[in-house]
Amino acid sequence: MTAKVLYAEDNEDNVYLLTRRLTRKGFNILVATDGQEAIELACAEQPDLILMDLDLPVVDGWEATRRLKAMAQTQTIPVIALTSHAMTGDREKALAAGCDDYDTKPIDFERLLAKMTVLLPGCKPDER
Ligand code: MN
């Protein structure tokens, strides 16, 4: 089964790089460039996992996650928070907002992939 992953990220370079790498691993990637779009796409597309940049325009990643976790149709979708602010307390804040896991940018691709795999039982990315 190909996992559908929603990637919420406003930085063009990050979108390009991570989308390309995840697509090559066999994931089906949907991109949202702000928090409001992330919420709308999550409701409409029911992704298997969400990668959520916390620093997003319109609605930030913390608030978008809180809203997704408060809605019946999206609350079971796992969310991995991504932030460049690797500050003490951020992990706790992300988990308090309802994120299932947390990782820091710049992305360590293998480490992120390992975290994604844990949250995607039965969705093994294809090896290409
Ligand atoms: Mn950002």
**Prompt:** Side-chain contact, heavy-atom cut-off 4.5 Å: Phe27 with Asp48?
**Reply:** no

**Asked** Does Leu49 reach the side chain of Leu51, with side-chain heavy atoms less than 4.5 Å apart?
**Response** yes

**Item:** CG-CG distance between Asp100 and Leu95, expressed to the nearest 0.5 angstrom
**Value:** 8.5 Å

**Complete:** Interatomic distance, CG@Leu54 vs OG1@Thr65, rounded to 0.5 Å, equals 6.5 Å

**Asked** From Leu41 CG over to Gln36 CD, what is the distance, rounded to the nearest 0.5 angstrom?
**Response** 10.5 Å

**Asked** How would you list, by chain and number, every residue that makes a side-chain contact (heavy atoms from CB on, under 4.5 Å) with Arg111, sequence neighbours excluded?
**Response** Asp103, Thr104, Asp108, Lys115

**Asked** Does the side chain of Val59 reach to within under 4.5 Å of the side chain of Asp34, using non-hydrogen atoms?
**Response** no

**Prompt:** Can Val31 and Thr19 be said to form a side chain to side chain contact (heavy atoms under 4.5 Å, CB included), step by step?
**Reply:** CA-CA 8 Å; Val31 174; Thr19 298; 3.8 Å; yes

Output side-chain donor-acceptor pairs under 3.5 Å for residues 70-82, partner residues at least two apart or in another chain, one line each.
unit_1	atom_1	unit_2	atom_2	d
Thr74	OG1	Leu68	O	2.6
Gln75	NE2	Lys69	O	3.2

Ignoring hydrogens and angles, write down the donor-acceptor pairs under 3.5 Å from the side chains of residues 10-18, residues two or more places apart or on other chains.
unit_1	atom_1	unit_2	atom_2	d
Asn11	OD1	Asp13	N	3.0
Asn11	OD1	Asn14	N	2.9
Asn14	ND2	Glu9	OE1	3.4

**Asked** Is there a side-chain contact between Met116 and Val5 (heavy atoms, below 4.5 Å)?
**Response** yes

**Prompt:** For Thr33, does its backbone N or O pair with a side-chain atom of Glu37 as donor and acceptor, under 3.5 Å?
**Reply:** yes

**Complete:** Heavy atoms of Ile50 and Ala42 approach each other most closely as CD1-CB, 4.0 Å

**Message:** Suppose the criterion is salt bridge (Lys or Arg N to Asp or Glu O under 4.0 Å): which pairs have a residue in residues 56-65, not counting sequence neighbours?
**Reply:** Glu63-Arg66, Glu63-Arg67

**Asked** Which pair of heavy atoms, one from Ala94 and one from Tyr102, lies closest together, and at what distance?
**Response** CB-CD1, 3.5 Å

**Shortest non-hydrogen contact between Ala64 and Gly35, atoms and distance** = CB-O, 4.0 Å

**Prompt:** Can you list the residues that meet the side-chain contact (heavy atoms from CB on, under 4.5 Å) rule with Val118, with sequence neighbours excluded?
**Reply:** none

**Nearest-0.5 Å distance, NZ of residue Lys25 to OG1 of residue Thr117** = 9.0 Å

**Fill in**
dist Glu40:CD -> Leu6:CG (nearest 0.5 Å) comes out at 11.5 Å

**Request:** Mind checking the CZ-CZ spacing from Phe109 to Arg24? Nearest 0.5 Å is all I need.
**Result:** 8.5 Å

